[in-house]
*Asks:* 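The structure's right below; bear with me while I get my questions together.
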2 protein chains.
Amino acid sequence: MDETARHCFVNSTLDIISGKWKMIILFQLTDKTLRFNELKKQIPGITQRVLTKQLRELEQEDIIERRVYPEIPPRVEYSISAYGRTLQPILTLMHEWGALHLKRQHSVERNQHTEGTGFGHDGTM
Amino acid sequence: MDETARHCFVNSTLDIISGKWKMIILFQLTDKTLRFNELKKQIPGITQRVLTKQLRELEQEDIIERRVYPEIPPRVEYSISAYGRTLQPILTLMHEWGALHLKRQHSVERNQHTEGTGFGHDGTM
DNA sequence: CGGGATCCGGCGGGATACTG
DNA sequence: CAGTATCCCGCCGGATCCCG
């Protein structure tokens, strides 16, 4: 089970961070604690139902912490857990790679409509 | 566009490597070139249609290369591109984190059925 | 051999209304 | 305020058949 199923480990990580709004949620919570509606305001376009679901999934994996204050009206605060912070190196790498990738995509598009079929084959980025 | 949309870059990376069979495909191709049916044999459970689709998606992002030999019967070989190899640091990190995460999950399960409600709160993994 | 064409089910995500 | 409860839809992945 060494060479055989390495992709399983990668996929278990992917399962946790895959989700349309998970990344923006994690970024919002990296440096601050937020209440449910504060979080919702920071994420335009998301609905309560979906925000709740994504938060529950992250909470279930111990990536974030949910603290409920027994008050009226209710107050619920979300924050990143210590365990969740261990994801940061991965997210940093993915952030850098993604930025380069988008740049690369743009240059490819430019080449395609200026050269037609010609290719540089540089591949060195 | 610095603090605002970092998650977009991460998501652009996620979009590329997310896909039920992408990881196992990449691992199969890391150290060797494979023909279509060879690849299919190495990935039990996948269908031709889906394998073709995942390969096309990876090819479109320049992660893998597809070489067609104009022979009869046809021969098509797939291999990782130089650009695809730039993903390796990310995959390595995700592999390590995922392995630790699975271990952690197991210990949590053990604690839950031996202690019931008691929690160690160690969080130190 | 390496696909493409067609059909299909499940699930992630969304819109809306209601509630302790 | 911070959710649940319904209903709904698009898309990814799967099964099956056909083709140069």
Side-chain angles (χ1 to χ4, degrees), chain A residues 7-8 10-29 32-61 63-80, chain B residues 7-8 10-29 32-61 63-80:
Chain A
H7 61 276
C8 292
V10 179
N11 280 335
S12 76
T13 303
L14 273 176
D15 288 342
I16 289 173
I17 62 180
S18 289
K20 187 169 177 182
W21 310 92
K22 297 237 173 97
M23 283 305 108
I24 190 170
I25 289 173
L26 288 186
F27 278 122
Q28 289 299 324
L29 295 181
K32 53 190 181 298
T33 295
L34 288 176
R35 299 179 60 171
F36 184 83
N37 272 345
E38 291 172 343
L39 202 46
K40 187 173 183 311
K41 280 175 201 160
Q42 300 300 316
I43 309 177
I46 200 172
T47 62
Q48 292 104 333
R49 181 194 182 278
V50 173
L51 177 55
T52 301
K53 212 183 152 206
Q54 304 266 307
L55 288 170
R56 288 288 187 282
E57 291 172 11
L58 289 170
E59 185 199 1
Q60 199 159 14
E61 305 290 350
I63 306 301
I64 64 173
E65 280 165 1
R66 177 173 181 264
R67 198 158 298 174
V68 183
Y69 297 85
E71 307 171 356
I72 292 192
R75 179 158 60 109
V76 180
E77 288 182 352
Y78 292 92
S79 59
I80 283 210
Chain B
H7 62 277
C8 293
V10 179
N11 280 334
S12 75
T13 303
L14 273 176
D15 288 342
I16 290 173
I17 62 179
S18 289
K20 187 169 179 183
W21 310 91
K22 297 240 173 94
M23 284 305 108
I24 190 169
I25 289 173
L26 288 185
F27 278 122
Q28 289 298 325
L29 296 180
K32 52 191 180 300
T33 296
L34 289 176
R35 299 179 61 170
F36 184 84
N37 273 343
E38 290 171 344
L39 202 44
K40 187 172 182 313
K41 279 175 201 159
Q42 299 301 316
I43 309 177
I46 200 172
T47 62
Q48 293 104 334
R49 182 196 181 276
V50 172
L51 177 55
T52 302
K53 213 183 152 206
Q54 304 266 309
L55 288 169
R56 289 288 187 281
E57 291 172 11
L58 289 170
E59 185 198 2
Q60 198 159 15
E61 304 291 349
I63 306 300
I64 64 173
E65 281 166 1
R66 177 172 181 265
R67 197 158 299 174
V68 184
Y69 297 85
E71 309 171 355
I72 291 191
R75 178 158 61 110
V76 180
E77 288 183 351
Y78 292 92
S79 59
I80 284 210

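Numbers restart at 1 for each chain; the letters A, B, ... are given by sequence-line order, proteins then strands.
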*Asks:* Hey, are the side chains of B:Thr52 and B:Thr47 touching, using non-hydrogen atoms and a 4.5 Å cut-off?
*Replies:*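 No, every pair of side-chain atoms sits at 4.5 Å or beyond.
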
*Asks:* So do A:Leu55 and A:Leu39 actually touch side chain to side chain, heavy atoms under 4.5 Å?
*Replies:*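 Contact flag for A:Leu39/A:Leu55 side chains = yes.
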
*Asks:* So, do A:Thr33 and A:Ile80 sit near enough that their side-chain heavy atoms are less than 4.5 Å apart?
*Replies:*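 No. Closest side-chain heavy atoms not under 4.5 Å.
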
*Asks:* Pick the closest DNA chain D nucleotide for B:Thr47 and for B:Pro74 by heavy atoms, then say which residue is nearer the 5' end.
*Replies:*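 First, find each residue's nearest nucleotide; the 5'-ward one identifies B:Thr47.
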
*Asks:* Going through the distances and angles, do B:Lys22 and B:Ile17 end up as a side chain to side chain contact (heavy atoms under 4.5 Å, CB included)?
*Replies:* CA-CA 6 Å; B:Lys22 297 240 173 94; B:Ile17 62 179; 5.7 Å; no

*Asks:* Check the distance between C:dG3's P and B:Leu51's CG and give it to me in whole angstrom.
*Replies:*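 It is 8 Å, rounded to the nearest whole Å.
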
*Asks:* Is any side-chain heavy atom of B:Leu51 less than 4.5 Å from a side-chain heavy atom of B:Trp21?
*Replies:*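 A side-chain contact is absent here, since even the closest heavy-atom pair is not under 4.5 Å.
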
*Asks:* Grab the CD-C1' distance between B:Glu77 and C:dG3 for me, whole Å please.
*Replies:*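 Roughly 16 Å, once rounded to whole Å.
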
*Asks:* Working note: B:Leu26 + B:Ile64, criterion side chain to side chain contact (heavy atoms under 4.5 Å, CB included); need CA distance, chi angles, decisive distance, verdict.
*Replies:* CA-CA 8 Å; B:Leu26 288 185; B:Ile64 64 173; 4.0 Å; yes

*Asks:* Taking side-chain hydrogen bond (donor to acceptor under 3.5 Å, both in side chains) as the cut-off, I'd like each qualifying pair that reaches into residues 66-77 of chain A, sequence neighbours left out, listed once.
*Replies:*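 Residue pairs passing side-chain hydrogen bond (donor to acceptor under 3.5 Å, both in side chains), neighbours aside: A:Arg66-A:Tyr78, A:Tyr69-A:Glu77, A:Glu71-A:Arg75, A:Arg75-A:Glu77.
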
*Asks:* Whole angstroms only, please: what is the CZ-P distance between B:Arg66 and C:dG2?
*Replies:*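 Answer to the nearest Å: 10 Å.
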
*Asks:* Drop me the distance from A:Arg35's CZ to A:Lys40's NZ, to the nearest 0.5 angstrom.
*Replies:*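 NZ of A:Lys40 is found 14.5 Å from CZ of A:Arg35.
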
*Asks:* Name the first nucleotide and the last nucleotide along DNA chain D (5' to 3') that come under 4.0 Å of a heavy atom in chain B.
*Replies:*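 Taking any atom under 4.0 Å from a heavy atom of chain B, the span is D:dG13 to D:dG20.
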
*Asks:* Measure CG/B:Asn37 against P/C:dG3 and give the value in whole Å, please.
*Replies:*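 From B:Asn37 CG to C:dG3 P: 9 Å.
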
*Asks:* Nucleotides 10-13 of chain C: which of its N/O atoms have a protein N/O under 3.5 Å away?
*Replies:*
residue : atom : partner : partner atom : Å
C:dG13  : OP1  : A:Lys20 : N            : 2.8
C:dG13  : OP2  : A:Gln54 : NE2          : 3.0

*Asks:* Please report the shortest heavy-atom distance between A:Met23 and B:Leu14, naming the atom on each side.
*Replies:*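 Reported closest heavy-atom pair: CG-CD1, 4.1 Å.
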
*Asks:* Closer than 4.0 Å, any side-chain N/O of B:Arg75 to the OP1 or OP2 of C:dG2?
*Replies:*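 No, outside the criterion.
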
*Asks:* For A:Lys53, which residues count as a side chain to side chain contact (heavy atoms under 4.5 Å, CB included) partner, sequence neighbours excluded?
*Replies:*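 Partners of A:Lys53 under the side chain to side chain contact (heavy atoms under 4.5 Å, CB included) test: A:Arg49, A:Glu57.
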
*Asks:* In dot-bracket form, how is DNA chain D paired, counting a Watson-Crick or G-U wobble pair only if both its distances are under 3.5 Å and using | for bases paired to another strand?
*Replies:* ||||||||||||||||||||

*Asks:* With sequence neighbours excluded, what pairs up with A:Lys32 under the side chain to side chain contact (heavy atoms under 4.5 Å, CB included) test?
*Replies:*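 For A:Lys32 the side chain to side chain contact (heavy atoms under 4.5 Å, CB included) partners, ignoring immediate neighbours, are A:Gln28, A:Leu34.
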
*Asks:* Can you tell me if B:Tyr78 touches the phosphate of C:dC1, counting only side-chain N or O atoms and a distance under 4.0 Å to OP1 or OP2?
*Replies:*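 No, B:Tyr78 has no side-chain N/O under 4.0 Å of OP1/OP2 on C:dC1.
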
